[in-house]
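The structure appears right after this line, and notes come after that.
Chain letters run A, B, ... following the sequence lines, proteins first and then strands; every chain starts at 1. These numbers come from a predicted model, not from an experiment.
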There are 4 protein chains.
Amino acid sequence: MTKSKPAAKKSRQPDVTRRNILDAALYEFAAKGLAGARVDEIAARSGSNKRMIYEYFGNKEGLWLTVLENAYARMREEEHAIDVARMKPEEGMRYLMEFNFKFCSRNPEFIALLNAENLHKASYLKDSKKIRELYTPLLVVITDLLQRGQKSGVFRKNVDPVDLYTTIAALGFFYFSNVHTLSTIFGRNLLSQKEQKARMEHSSDVILGYLRP
Amino acid sequence: MTKSKPAAKKSRQPDVTRRNILDAALYEFAAKGLAGARVDEIAARSGSNKRMIYEYFGNKEGLWLTVLENAYARMREEEHAIDVARMKPEEGMRYLMEFNFKFCSRNPEFIALLNAENLHKASYLKDSKKIRELYTPLLVVITDLLQRGQKSGVFRKNVDPVDLYTTIAALGFFYFSNVHTLSTIFGRNLLSQKEQKARMEHSSDVILGYLRP
Amino acid sequence: MTKSKPAAKKSRQPDVTRRNILDAALYEFAAKGLAGARVDEIAARSGSNKRMIYEYFGNKEGLWLTVLENAYARMREEEHAIDVARMKPEEGMRYLMEFNFKFCSRNPEFIALLNAENLHKASYLKDSKKIRELYTPLLVVITDLLQRGQKSGVFRKNVDPVDLYTTIAALGFFYFSNVHTLSTIFGRNLLSQKEQKARMEHSSDVILGYLRP
Amino acid sequence: MTKSKPAAKKSRQPDVTRRNILDAALYEFAAKGLAGARVDEIAARSGSNKRMIYEYFGNKEGLWLTVLENAYARMREEEHAIDVARMKPEEGMRYLMEFNFKFCSRNPEFIALLNAENLHKASYLKDSKKIRELYTPLLVVITDLLQRGQKSGVFRKNVDPVDLYTTIAALGFFYFSNVHTLSTIFGRNLLSQKEQKARMEHSSDVILGYLRP
DNA sequence: GATGAATGAGTGTTCATTCAT
DNA sequence: TATGAATGAACACTCATTCAT
C-alpha cells in the first residue's frame, strides 16, 4: 500500500477534455500511425492525462477508431456544406473533384490516417457502424449529377457512380498520399502552391475528359 | 573412439542468410509498418537470428531502407522487361497503365511499404542514393510515347510526362492502397477478380480519354 | 409554472450507505484479498461511490480493518446465541466443535479474510482494540466445560483451554480454508454435503477422543 | 526509434538465472500473495531482470504456478527422505505428524503460498499436471501404517487415510497458518520455541488419542 | 559466421486517492 | 451528503539492441 497521495486541479469539463484528447490523438496518430503513436505523448499534448484516455476511449485502439470515424465524418460534413444538387452537372462534378483535392491538401492527417488504416486492412473501420451510412448521400449526389449530365448530353453514358467517385478520390488522394516519395523521386517539391494548382487542373481535365460523350 | 566432429552450426551462406532476412522483413514490414514490425518476428521468420540482422543491416531502420529500395528496384525491373519503345503510342500507354495496375495487384507489400514510408514523410527514402536514377528511364519512355503519339495525331498536346505518370500511378496504386477502406465503405469486395478487371478497364479508359486530342 | 423541486440526489442515509459499502467490501476482499481488491469495484457494488468510502473509512486499509473486525464480531455473536454454560460437558464441547465447523462452511468469506490477514502477519488486526475482548467470554465457557467434565469424570485432566480451542478451530477452519487445494490434490469434491457431514463427525470424534480420560 | 543503446554483462547460465528468479519469487509471493507481489521486486531481488522472468515463465501467473509446484514438491521430497514403511505404526504416525508440524514451522512461505492459492480457489493448481501424483505415495504409506496398526491392535478400525491425513495436516498447518491472528487474539507469542513444542506434543496426543482402539 | 541469454528503457494500462460541483 | 471527473504514481509486460560463447 505504498501508494501516492496526489493533488488534483483541473477543468471538470468532460466534453472539453474529450475533445482535447481527440485533437492530440489525431495529431499523434497521423504523424506516427497506430503502432508508432505513444499514449503518453497524446496525454501530454492533450493537457489531460492517460487515465482520461482510458476512461473515455477504453484503450488505444478505441481511441484510434474514434479518431478515424471523426475524420471521415468531418470530410463528409464539409463536402455537404454546398448544395451540389443545384449545380449544373459539369460544374458540380468539378466542384466534387476540387473539393476532394483541396480537402486532402488541407488535411494531411486524414490521408495519413486512411493509409494507416489500410495497413491494418481496415480492421478497425470494419467494426464501425457509422461509416457506411456516411457515404450513401454522396453516391446519391453523384448519381444525380451523372443522370442530369447524360440527359443534357454533356456526359457519356454507362458510368458507374462508385467507379467515378473512386477515380475522383484517386486523383486527389494519391497525389497527397504519395507526395513525399514522389517529390523525392522526381526531385520536385510537389507541395508547392504552383504544383498543386497545376495538379488540380490536370485532375479536373482528366475527370471531365473521361466524362465527355 | 572416433573423434567427434564439431557440430556444424548452420548454413554459413551469408547471401542466403541475407536474402532470407530481407524476405522476412518485407513480409513483416508490409504487414505492420516500421513501428509495428518486430525484430524478433523477422529473425524467427527468416530462420536466422537477431544478431545477423544487426550484422548485415546495422539496425531496424537500416533494414527498412534496404527493403524499401529493393521493392522499388524490383518494380522498375519488371516494368522494363518489355520494350515499350517499340510499341505504338496508344498500345504503349495502355501497357504502362496495365502493368502498373497489375503490379500493384500482385504486390500488396509494395503498396504497404510505400504508404508507410509516406507516413514518415519519405525520410528514409530521402537518404537513398539509388532511387532517383531508377525513374529516369521511365520518364524517357513516357516522353517518347507522348511525342510519337502527338506527331501521329492520336494524343493531345501539352501533356507533362510527370503529370501523366502520376495519374497512371494514381489510378492503379490508389485502388489497391485504399482497397480495404473502400470495400468497407461501399460494401463491395473490390479485390474480387471481376471488380479488378472492371477497374483496370475503367482506368485505361480514363487515361486514353484524357489523351485524346 | 410549478417551481421545480431540486432533483433529490440519492439516499441520504449514512447508515445504509455505510452498511452497503461494508457488504460490498466483504465480498470483494474475500474474493481477492486486500491487494487484489479494487476500490472501484467495491464502490460500484455498493451502489454508492468512492468518495463515500474515503469519507467513512479513510482509505482502503481502514476499510479492510473494519470489515475484518465485523467478521470476527459476527462469529462470536452467533456462537453466543446458545447458552453453552447450561449444556452437559460433552454436549457443549460437541456444540462448539460443530458450530465452528458449520460457521466456516456457511461463511467462506470469513475464512478468506483471516487467511489474507495472516498473510499480512495480522498487522491490521494488531491495531484493533476490539478483538481481544471478543474472545475472553469464549475462553471462560471452555474452561467451565473442561472443569465440569473433569469433575464428572468424562474428560481427562490437564487440558489447556487455548490449546483445545485452537484444535477445535483447526479441525473446522483448516478443512474449509484448504478445501480447494485438498480437493484438487485428492481428486474429491470436499465441498459436497456428504463429505462435509463425514468430516464434521470425524472432527467431533477427534476432539472427544482426545478428551477421553 | 528513440530506443536505448544498453550494455550487457551477466552470467549466461540459464539454470542459475532461473533458480534465482524462483527463489526471489517464492520470497515475494509468500510475503504479499499473487496480487500484492511486484514483478519489479522479484526481478531486482533475483539479481536478474524482468525480461528473463517473462522469458522463462511467460507471465506473473506462470511464475506463480511454478513456485507453487516447487513448494509442494519440496515438501514431499523431504517427507520421503525417511523410510516410514520400516517404522512401527505408532512411531510412523508420530513421525508424519511431527514432520508435518516442523515443516510448517520451518517453511512459513509454504503456508502463505497455499493460503493464497486457496484464495484463488486453487485455480492455478487445478491446471497443474504434476500435483496429484505427488500425493499418491503418501497415501500408500498412511494406508500401510493404518493396516499394520490395526493388525497389531494399536489402532482402531475404519479410519479413512485421507481423513486422517487431513487431520494431521490441519493440526500442523492451521497453527502456523493462523499464528499471527491467534497470537494477537490470545495475547501469547505462539511462535516461541516453548509454545511450538507444547503444541506439537498436544497435536501428537490428539492424533494418537484418536487412533486408540 | 552464428546463437541464445541478457539488458534497461520504455509502453499500454490500472489504481488508490482527491477535488470541484 | 453525494457524485463523477481528474490525477500521478505504479504496474505487468515488451522491445530494440548487445554480449559471451
Side-chain angles (χ1 to χ4, degrees), chain A residues 1-18 35 37-43 48-56 58-61 63, chain B residues 8-14 17 35 37-43 48-56 58-61 63, chain C residues 8-14 17 35 37-43 48-56 58-61 63, chain D residues 1-18 35 37-43 48-56 58-61 63:
Chain A
M1 284 306 116
T2 19
K3 283 278 171 172
S4 56
K5 313 260 175 182
K9 48 170 185 279
K10 274 286 189 57
S11 62
R12 202 98 2 196
Q13 290 170 304
D15 290 353
V16 173
T17 300
R18 208 186 124 91
R38 297 295 162 240
V39 175
D40 273 294
E41 189 61 30
I42 294 171
S48 179
N49 66 75
K50 281 194 281 185
R51 193 64 235 292
M52 290 293 94
I53 293 175
Y54 289 88
E55 178 73 22
Y56 291 132
N59 57 23
K60 196 189 187 184
E61 296 183 325
L63 180 55
Chain B
K9 288 274 170 164
K10 267 281 181 71
S11 59
R12 299 270 171 188
Q13 291 172 305
T17 299
R38 299 292 162 239
V39 175
D40 273 293
E41 189 61 30
I42 294 170
S48 178
N49 68 77
K50 283 193 282 183
R51 190 60 186 74
M52 292 296 95
I53 293 175
Y54 288 88
E55 178 72 22
Y56 289 133
N59 58 22
K60 195 188 186 186
E61 296 179 302
L63 180 56
Chain C
K9 288 272 169 166
K10 268 280 181 73
S11 60
R12 299 272 171 187
Q13 291 173 305
T17 299
R38 298 294 161 238
V39 175
D40 273 293
E41 189 61 31
I42 294 170
S48 178
N49 68 77
K50 284 192 280 182
R51 190 60 187 74
M52 293 295 94
I53 293 175
Y54 288 89
E55 179 72 23
Y56 290 132
N59 57 22
K60 196 187 184 187
E61 296 178 302
L63 180 55
Chain D
M1 286 305 115
T2 19
K3 282 279 171 171
S4 55
K5 314 260 174 183
K9 47 170 187 277
K10 276 285 187 58
S11 59
R12 202 97 2 194
Q13 290 170 305
D15 290 353
V16 173
T17 300
R18 208 186 125 91
R38 297 295 161 239
V39 175
D40 272 293
E41 189 61 31
I42 294 170
S48 179
N49 66 75
K50 279 193 282 185
R51 194 63 235 291
M52 291 292 95
I53 293 176
Y54 290 90
E55 179 74 22
Y56 290 132
N59 57 24
K60 196 188 186 184
E61 296 183 327
L63 180 55

Quiz item: Between B/Lys50 and A/Ala37, who's closer to the 5' end of DNA chain E by nearest nucleotide?
Solution: B/Lys50
Exercise. Find the runs of at least 3 consecutive base pairs, i with j, i+1 with j-1 and so on, that include DNA chain F, using Watson-Crick or G-U wobble geometry with both distances under 3.5 Å.
Key: E:2-21 with F:2-21
Quiz item: How long is the line joining CE of C/Met52 and P of F/dG4, in whole Å?
Solution: 11 Å
Quiz item: More 5' along DNA chain F: B/Gly58 or D/Glu61, using each one's nearest nucleotide?
Solution: D/Glu61
Self-check item: Atom pair CD (B/Glu55) and CG (B/Asn49), whose distance is rounded to the nearest 0.5 Å
Solution: 10.5 Å
Quiz item: So, is C/Thr17 close to the F/dA2 phosphate, meaning a side-chain N or O under 4.0 Å from OP1 or OP2?
Solution: yes
Exercise. Write down the distance between NZ (A/Lys60) and P (E/dT14), rounded to a whole number of angstrom.
Key: 14 Å
Quiz item: CD of C/Glu55 versus P of F/dG4: gap in Å, rounded?
Solution: 16 Å
Exercise. Specify the closest pair of heavy atoms between D/Lys60 and D/Ala35, including all atoms of both residues, with the distance to one decimal.
Key: NZ-O, 3.6 Å
Quiz item: Sequence neighbours excluded, which residues qualify as side chain to side chain contact (heavy atoms under 4.5 Å, CB included) partners of D/Asn59?
Solution: D/Tyr54, D/Glu61
Quiz item: Of A/Tyr54 and B/Tyr56, whose nearest nucleotide on DNA chain E comes first from the 5' end?
Solution: B/Tyr56
Practice problem: Examine E/dG12: is either OP1 or OP2 under 4.0 Å from a nitrogen or oxygen in the side chain of A/Arg38? Give yes or no. | Solution: yes
Self-check item: Nearest-angstrom distance from the residue atom CG of D/Leu63 to C1' of F/dA12
Solution: 12 Å
Quiz prompt | Whole angstrom value for the distance that separates C1' of F/dA16 from CD1 of B/Ile53 | solution = 10 Å
Self-check item: Earlier contact from the 5' end, DNA chain F, for A/Arg51 and B/Val39
Solution: A/Arg51
Practice problem: To the nearest Å, give me how far apart CG (A/Asn59) and P (E/dT11) are. | Solution: 18 Å
Exercise. Kindly give the heavy-atom pair with the smallest separation between C/Thr17 and C/Ser48, and that separation in Å.
Key: CG2-OG, 3.7 Å
Exercise. Report the distance from atom CG of D/Asp40 to atom C1' of E/dG8, rounded to the nearest whole Å.
Key: 11 Å
Practice problem: Return the value, rounded to whole Å, for the distance between atom CG of D/Asn49 and atom C1' of F/dA16. | Solution: 14 Å
Quiz item: If we only count heavy atoms from C-beta on, is the B/Ile42 to B/Leu63 side-chain gap below 4.5 Å?
Solution: yes
